[in-house]
Structures are given as structure tokens and as C-alpha cells.
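Here's the structure we're looking at; comments come further down.
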Amino acid sequence: MDLTLTGAEEEFRRRLRAWLRDTLPGLPPEPPADDWPARRAYDCAWQRALHDAGYAGLHWPPEAGGQGATPTQHLIFIEEAERAGAPYVGANFVGLLHAGPTIAAEGTAAQRARWLPPILRGEEIWCQGFSEPDAGSDLASLRTRAVRDGDSYVVTGSKIWTSYAEIADWCELLVRTDPAAPRHRGISWLALPMNAPGVTVRPLRTLAGTAEFAEVFLDEVRVPATHRIGAENDGWRVSMVTLSYERGTAFAGEVVACRRTLARLARTARANGRWDDAVLRRRLGRLHAEFTALWRLVQWNVSEAAHAARTGGDGVPGAGGSVFKLRYSQARQELYDAAAEVLGPESLDARQEWTAQRLSSLSYTIAAGTSQIQRTIIAERILGLPKGR
Ligand SMILES: Cc1cc2nc3c(=O)[nH]c(=O)nc-3n(C[C@H](O)[C@H](O)[C@H](O)COP(=O)(O)OP(=O)(O)OC[C@H]3O[C@@H](n4cnc5c(N)ncnc54)[C@H](O)[C@@H]3O)c2cc1C
């Protein structure tokens with residue numbers, strides 16, 4: 001891994017920093033966390049601004065509508081955006097970080113042309129319909145059926161924990177197309193229009209008080225066969241491409257955000273007298289080292305995927321993403337536990353941003369594959385231990 005910046009990369013950083021400095025003061029205030037239509041409008045407007053300035057899909061290949069930037073430029077973008085306090089990817093998370101890269105890697109030219117530009121322009125929002133009430137960690141046991149009828153599939157079943165479903169235009173949907181095949185072989189990956197007749201979305205309210213995900217019920221929903229990404233019954237392999245993006249690079253920006261949060265926490269501790277506690281100082285110092293190491297791991301994962309792409313591989317992040325996801329999700333929880341210690345009783349105030357973040361940090365060791373599942377992946381694919389039954 002070579003982290004030395006070239007002249008072009010230094011210049012990229014200078015231009016980006018200037019653009020952020022000029023653009024951010026003109027943004028409207030962020031909408032409340034539970035006003036989803038307003039959050040959609042805000043996140044889409046930011047994505048549109050990135051697009052118009054040439055920063056959308058920075059590291060996507062040019063044939064997918066991206067800028068073909070180097071992995072280092074991508075990482076510089078993440079660092080600078082966070083440093084300047086730019087908006088987070090928000091409602092565009094699934095489109096930009098899972099569905100888009102999956103369609104770029106696995107879709108036909110016509111599918112790329114249909115779905116990728118609206119994602120990059122912030123015009124269409126995606127959600128992820130993988131989990132079902134009886135299929136979470138054991139995703140291959142999913143039961144939502146898609147029966148071929150002429151040029152369409154007729155889809156019936158239900159999904160759960162579908163983030164952004166309430167405001168999404170499209171859903172990356174895993175369905176069972178061959179119930180007689182072995183579990184992993186009878187699955188397909190479909191792009192489901194969320195406004196199709198037969199789709200019902202029922203929001204679920206979380207511990208943090210917002211309805212960021214939902215149940216999705218599908219009652220004989222017709223989906224054109226041209227909306228299938230990859231071959232029929234090859235959806236398990238396609239979904240592994242999606243999940244490797246989710247675990248490999250999707251959380252990269254958050255690591256930089258955590259480093260900033262930690263610095264803020266240290267300032268708060270100095271101001272409220274908690275800094276005198278040597279045990280707390282050691283705890284914050286260890287977390288600083290953790291997040292620095294995690295950022296290095298992101299750099300290593302991105303650089304490894306880019307190297308694989310240059311040498312004839314597919315450029316899809318590898319199992320290193322599981323190492324990152326496992327440690328990052330735990331470190332994030334430790335960060336917000338430390339915040340509670342610094343803030344004392346104030347940290348119980350549900351209106352505080354710190355409190356909301358602490359509650360939502362609990363979900364990180366579950367979402368995008370639980371810690372137990374990441375350990376199994378690391379054991380089997382990195383350490384080469386025998387597969388469990
Ligand atoms: C904030 C959040 C957002 C989410 N967003 C989405 C989304 O947008 N789309 C979507 O499809 N899903 C989403 N999910 C769902 C998420 O992917 C699942 O919750 C996760 O895969 C776990 O599945 P489960 O909840 O069914 O738990 P289960 O699979 O039932 O697991 C229960 C417990 O058993 C353990 N366990 C299960 N199997 C094993 C095993 N083989 N070995 C060891 N331990 C095991 C698990 O680690 C866990 O501790 C989201 C979840 C959260 C928390």
C-alpha cells in the first residue's frame with residue numbers, strides 16, 4: 001500500500017477543499033431526524049450539488065458514469081468532506097454504496113444506463129430488501145417467491161428491517177426463483193419499483209425514536225424480467241458482491257467522523273472537569289489509536305480492491321471488509337459509552353444528539369451482518385479454518 005500523495009492528488013485535495021469552503025455555507029439547515037421526506041429532499045440536493053461539481057461517483061468507473069478517480073482521491077474526498085462538516089450520504093446510502101456498485105459490476109449496459117445516472121444525480125433513492133422475518137444471518141433461507149409469468153416475475157412475500165423503504169423509489173430485492181434448487185442456487189437479485197401495485201410499507205420505530213426502517217409486504221407484485229441483475233438463480237453470488245461493498249467501504253466516511261467526535265469529546269471533558277480522570281483519558285487515548293488503525297484498515301482495503309482491479313480482478317472489496325466491520329462496529333459502541341461517561345447524567349437526555357447516537361450505535365453490531373457472522377467469515381475465508389455445518 002503506497003500512501004504518498006502525487007502532485008495531482010494534492011491538487012485534487014486543494015480544489016475540493018476550496019469547493020467545500022465555498023459551497024457549505026449556502027446549504028439550508030439539516031431537517032429533523034424523523035422528517036423523512038425532508039431528509040430525502042436535503043440528501044438528494046446535496047448529492048445533486050456533488051454531481052454538478054464533478055464529485056459524484058468519484059471512484060466508480062467512467063463506463064458506469066463515475067469519475068474513475070484513484071482510490072487515494074476517494075479517500076481524500078472522505079477525509080475532506082468530513083473535515084469540512086459536509087452532509088453525510090444519508091438516504092443515498094443504499095443507491096451509492098450497495099445497489100449502484102452492484103449494478104456497475106453485474107448489470108448490462110442497458111441496466112447501467114437506466115439506474116446509475118439517477119443515483120449519481122440524487123434523483124432516485126434505493127432501499128435494501130434482503131432480510132426477512134425468518135432470514136437474517138441465514139439469508140439463504142429467504143422465502144419471498146418470484147414466479148416467472150411471461151416477461152415478468154410475480155413476487156409475493158415480506159421483507160423486514162428495510163432501511164429507507166418509506167422514501168425509496170427502488171429496492172434491491174432478493175427473491176427465490178427456484179424453490180427446488182439447493183438454497184443458495186435458487187435466488188435472484190431484482191430491482192423492485194417501490195410504487196408498483198401490491199407493495200405495502202409499514203415503518204418500524206427504533207429505540208432512538210425514529211422510523212429508519214420498515215417492514216415491506218409484497219402481494220403478487222409484477223416486476224419486469226429485465227429488472228433482474230445477473231442471471232436467474234445466480235442472485236446469491238450477486239448479493240455477495242453487494243454485501244462486500246457494504247462491509248468493505250460503505251462505512252469508511254464514518255470512521256473519519258468518529259475521529260472528529262472523539263476530539264469533540266476530549267474538548268467537552270476538558271471543559272466539564274472530567275479530563276482530570278486519568279482512567280478516562282487513557283480510555284479516550286486508546287479509542288483514538290483504534291480509530292486511527294481503523295482508518296489505515298480502510299485505506300488498505302480500498303487499495304487492495306483497486307490493486308486487484310488493476311491486475312485483472314473484479315475490484316470488489318474482499319473479506320478484509322469483515323475484519324473492518326467487526327472492529328469498527330464495536331469501537332463505535334465504545335466511543336458512545338465513553339461519551340456517556342464524559343457527559344454524566346446529561347447523557348440520559350433523549351433530545352441530546354449524543355444520546356441518539358449512543359442508542360443507534362447499538363445496531364451497528366447487528367446491521368450489515370452481525371459480529372458473530374463476521375467472525376465466521378474471517379475464520380473461514382481469511383484464517384482458512386474448516387467450514388461450520
Ligand atoms: C439498523 C439496521 C438496519 C438494517 N437495515 C437493513 C436493510 O436495509 N435491509 C435488510 O435487508 N436488512 C437490514 N437489516 C437487517 C440485518 O441485516 C439483520 O438484522 C442481520 O442480518 C441479523 O439478522 P436477524 O436480525 O434476523 O438476527 P438472527 O439472524 O436471528 O440472529 C440472532 C442472533 O443469533 C446469532 N447467530 C445467528 N446465526 C448464527 C451463526 N450461524 N453463528 C453464530 N451466531 C449466529 C446472531 O449473530 C445474533 O446474535 C438492518 C438491521 C439493523 C439493525
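Note: hydrogens, waters and symmetry copies are ignored here, and every other heavy atom, side chains too, is used. Both ligands and their constituent atoms are indexed starting at 1 by order of listing.
- Under the 6.0 Å distance and 45° angle rule, R183 does not count as a cation-pi partner of W236.
- Among W189, W170, Y153, the single residue meeting the ring-ring contact (aromatic ring centres under 6.0 Å, His included) criterion with H227 is W170.
- For ligand 1, the atoms lying closer than 4.0 Å to a non-hydrogen atom of Q128 are 7 (C), 8 (O), 9 (N), 10 (C), 11 (O).
- Polar contact check, S131 against ligand 1: a nitrogen or oxygen pair lies under 3.5 Å apart.
- Salt bridge status for E123 with R48: present, with a side-chain N to carboxylate O gap under 4.0 Å.
- The aromatic rings of Y164 and F93 are tilted relative to each other, their planes meeting at an angle between 30° and 60°.
- Contact annotation: the side chain of L218 approaches that of L173 to within less than 4.5 Å [non-hydrogen atoms, C-beta and beyond].
- In summary, R332 and E290 do not engage in a salt bridge, as defined by a charged side-chain N under 4.0 Å from a carboxylate O.
- The nearest pair of heavy atoms linking A339 to L265 is CA-CD1, 3.6 Å.
- For atom 24 (P) of ligand 1, the closest heavy atom belonging to the protein is G136 CA, 3.9 Å.
- Near S363, with a cut-off below 4.0 Å to any heavy atom, the atoms of ligand 1 are 1 (C), 53 (C).
- Under 4.0 Å from ligand 1, not a single heavy atom of Y164 appears.
- Close contacts between ligand 1 and F130 involve ligand atoms 11 (O) [criterion: under 4.0 Å to a heavy atom].
- For atom 1 (C) of ligand 1, the protein comes within 4.0 Å by at least one heavy atom.
- For atom 34 (O) of ligand 1, no protein heavy-atom neighbour is found at a distance under 4.0 Å.
- Residue-ligand proximity, T370 to ligand 1, at heavy-atom distances under 4.0 Å covers atoms 22 (C), 46 (C), 47 (O).
- Within a 4.0 Å radius of atom 21 (O) of ligand 1, the protein contributes one or more non-hydrogen atoms.
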